[in-house]
There are 2 protein chains.
Amino acid sequence: MARRNEHTKGELKALALDAVLVIAERDGPQVVSARKVAQEIGYAPGMLYHLFENIDDLILQANTRTVSALTDDLVRATKRQSADKAVLTMALRYLQLAQKNGRRWQLLFEHTMRNGVAVPSWYQAQTAKLFGLVEQQLVRMCPQKKSVEIQLAARAVWSAVHGVCLLSVTGKLNVGGAVKEARLVESLVQNYLHGWKSID
Amino acid sequence: MARRNEHTKGELKALALDAVLVIAERDGPQVVSARKVAQEIGYAPGMLYHLFENIDDLILQANTRTVSALTDDLVRATKRQSADKAVLTMALRYLQLAQKNGRRWQLLFEHTMRNGVAVPSWYQAQTAKLFGLVEQQLVRMCPQKKSVEIQLAARAVWSAVHGVCLLSVTGKLNVGGAVKEARLVESLVQNYLHGWKSID
DNA sequence: ACCTGAACACCGTTCAAGT
DNA sequence: ACCTGAACACCGTTCAAGT
């Protein structure tokens with residue numbers, strides 16, 4: 001068997017990553033597995049282990065696409081906005097994208113490393129970019145604040161928004177009719193920033 | 001074979017739930033499985049399906065213990081505190097417990113329903129109690145606010161704190177040295193409430 | 001009635017062996 | 001060099017059959 005050489009290594013990687021997202025969106029994130037991905041692209045399961053370290057690596061690389069698309073979207077959406085408006089826009093768009101492409105974000109939110117291995121640094125770096133976007137706006141908003149305070153506030157506000165998005169997408173936020181997720185995000189961002197700006 | 005009758009159904013359930021938490025803490029949350037739990041208590045795997053609907057039911061019931069212990073702790077810890085103080089105390093103790101019993105909370109945070117089934121309502125009710133505790137304090141703090149606003153603020157502040165706890169326990173919050181999780185929680189609660197109280 | 005253990009349909013991962 | 005497919009060690013879940 002073998003020696004098909006229909007695709008380069010890079011093409012195969014791209015095919016596999018596409019397949020991960022297709023399966024997640026079509027059949028649900030729980031269905032994504034090495035065997036299913038291999039089947040989807042018409043290869044043997046073992047082949048994937050020449051391209052990826054393991055199933056976590058494969059899923060993490062697929063999730064990077066999702067985060068990367070979010071980052072690009074946020075940058076585009078906040079062009080020429082005031083700092084205050086930009087932070088709110090980012091938060092709301094995060095929620096919007098998460099709710100719209102629910103299953104793709106479920107794959108991201110619900111994924112956990114097997115054996116409790118730590119998330120690799122290249123992945124952390126990707127998510128750190130998101131913090132960076134928020135920090136940029138907070139600096140514009142309060143140039144006098146110390147760098148440590150900017151970092152803290154960016155992480156606080158983003159963790160908060162992340163909390164709402166995660167609970168929303170994974171269906172754990174028992175919002176009873178009247179309470180809409182978007183209103184939670186608005187309330188969080190606006191009240192937090194209002195309080196934050198008013199101290200020293 | 002069978003007919004051991006060493007334990008009542010209730011005792012067996014308790015043994016199984018203990019085993020879930022023991023395995024999670026001793027070997028890591030990823031190691032918890034129906035087969036491992038059965039082995040831990042010296043029974044055949046199939047037996048568990050006479051006590052629990054499926055593996056999700058088993059883990060969810062074990063996680064209920066964790067949430068329940070949290071709820072009790074929060075009630076105790078906030079006796080005779082002012083409303084402002086109480087909300088902060090609850091948030092910080094949530095973080096504290098989550099960080100202290102890391103693996104037990106990982107089991108809670110990292111668990112997702114197989115096949116994407118919805119979380120059962122009895123479990124939602126348990127977590128709703130937590131919102132309730134926050135709501136109680138917010139009512140004390142601002143008796144003039146409408147019930148909808150209380151509910152919204154309670155969910156906002158708790159989702160935010162949850163976001164920090166989750167990112168902390170699952171190791172996804174890349175806090176670079178200077179930024180401590182407790183400071184994030186403090187900043188979130190205090191600034192949010194400060195802003196929230198100042199509107200209408 | 002209570003529990004077993006074998007069976008079924010899945011996993012992730014490895015690796016000798018084919019082309 | 002590239003890829004296979006069988007194998008290994010796991011899963012969750014079911015259910016006829018033993019006591």
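- Not one side-chain nitrogen or oxygen of B:S33 sits closer than 4.0 Å to the OP1 or OP2 atom of D:dC10.
- In this structure, the NZ atom of B:K13 is 16 Å from the C1' atom of C:dC2, given to the nearest Å.
- Comparing A:R35 and A:Y43 along DNA chain D, the residue whose closest nucleotide (by nearest heavy atom) sits nearer the 5' end is A:Y43.
- Remark: the backbone N or O of A:K36 is paired with a side-chain donor or acceptor of A:S33 at under 3.5 angstrom.
- A:L12 places its CG atom 14 Å from the C1' atom of D:dT4, with the value rounded to the nearest Å.
- Using a 4.5 Å cut-off on side-chain heavy atoms (C-beta onward), A:L17 and A:T64 make no contact.
- Salt-bridge check for A:R65 with A:D18: passed, with a basic side-chain N closer than 4.0 Å to an acidic carboxylate O.
- Nucleotide C:dC11: unpaired (no Watson-Crick or G-U wobble partner with both distances less than 3.5 Å).
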Practice item. Determine, step by step, whether A:E40 and A:R26 satisfy the side chain to side chain contact (heavy atoms under 4.5 Å, CB included) criterion, reporting the C-alpha distance in whole Å, the side-chain angles of both residues, the deciding distance to 0.1 Å, and the verdict. Key: CA-CA 12 Å; A:E40 183 79 19; A:R26 190 188 56 208; 2.9 Å; yes
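- Rounded to whole Å, atom P of D:dA1 lies 12 Å from atom NZ of A:K9.
- For the pair A:H50 and D:dC2, the ring geometry does not qualify as stacking, because the centroid separation below 5.5 Å and plane angle under 30° are not jointly satisfied.
- For A:T78 (side chain) and A:Q81 (main-chain N/O), no donor-acceptor pair under 3.5 Å exists by modelled atom type.
- In this structure, A:L108 and A:V67 have side chains that are in contact, with non-hydrogen atoms separated by less than 4.5 Å.
- Checking the phosphate oxygens (OP1, OP2) of D:dC11, no side-chain nitrogen or oxygen of B:R114 falls inside 4.0 Å.
- The distance between atom CG of A:N54 and atom C1' of C:dC11, rounded to the nearest whole Å, is 14 Å.
- Separating the CG atom of B:L48 from the P atom of C:dC2 is a distance of 16 Å, rounded to the nearest angstrom.
- Residue A:R4 places no side-chain N or O under 4.0 Å from the OP1 or OP2 atom of C:dT19.
- Across every strand in view, D:dA16 sits in a pair with C:dT4 that passes the Watson-Crick or G-U test at under 3.5 angstrom.
- Across the protein-nucleic acid pair, B:I59 atom CD1 and D:dT13 atom C1' stand 14 Å apart, rounded to whole Å.
- When distances run from any side-chain atom of A:I55 to the nucleotides D:dT4, D:dG12, C:dG12, the shortest one goes to C:dG12.
- Here B:L58 lies out of heavy-atom contact (under 4.0 Å) with every strand.
- One interatomic measurement links the two molecules: CD of A:E6 to P of C:dT19, which rounds to 17 Å at whole-angstrom precision.
- Residue contacts for B:K36: at a heavy-atom cut-off of 4.0 Å it reaches the sugar-phosphate backbone alone, with no base atom in range.
- Closest to the B:Y49 side chain, of the nucleotides D:dT4, D:dT14, C:dG12, is D:dT14.
- Using a 4.0 Å heavy-atom cutoff across all strands shown, A:L51 reaches no nucleic acid atom at all.
- Closest to the A:A44 side chain, of the nucleotides D:dC2, C:dG5, D:dG5, is D:dG5.
- Rounded to an integer number of Å, the gap from CE of A:M47 to C1' of D:dT4 is 11 Å.
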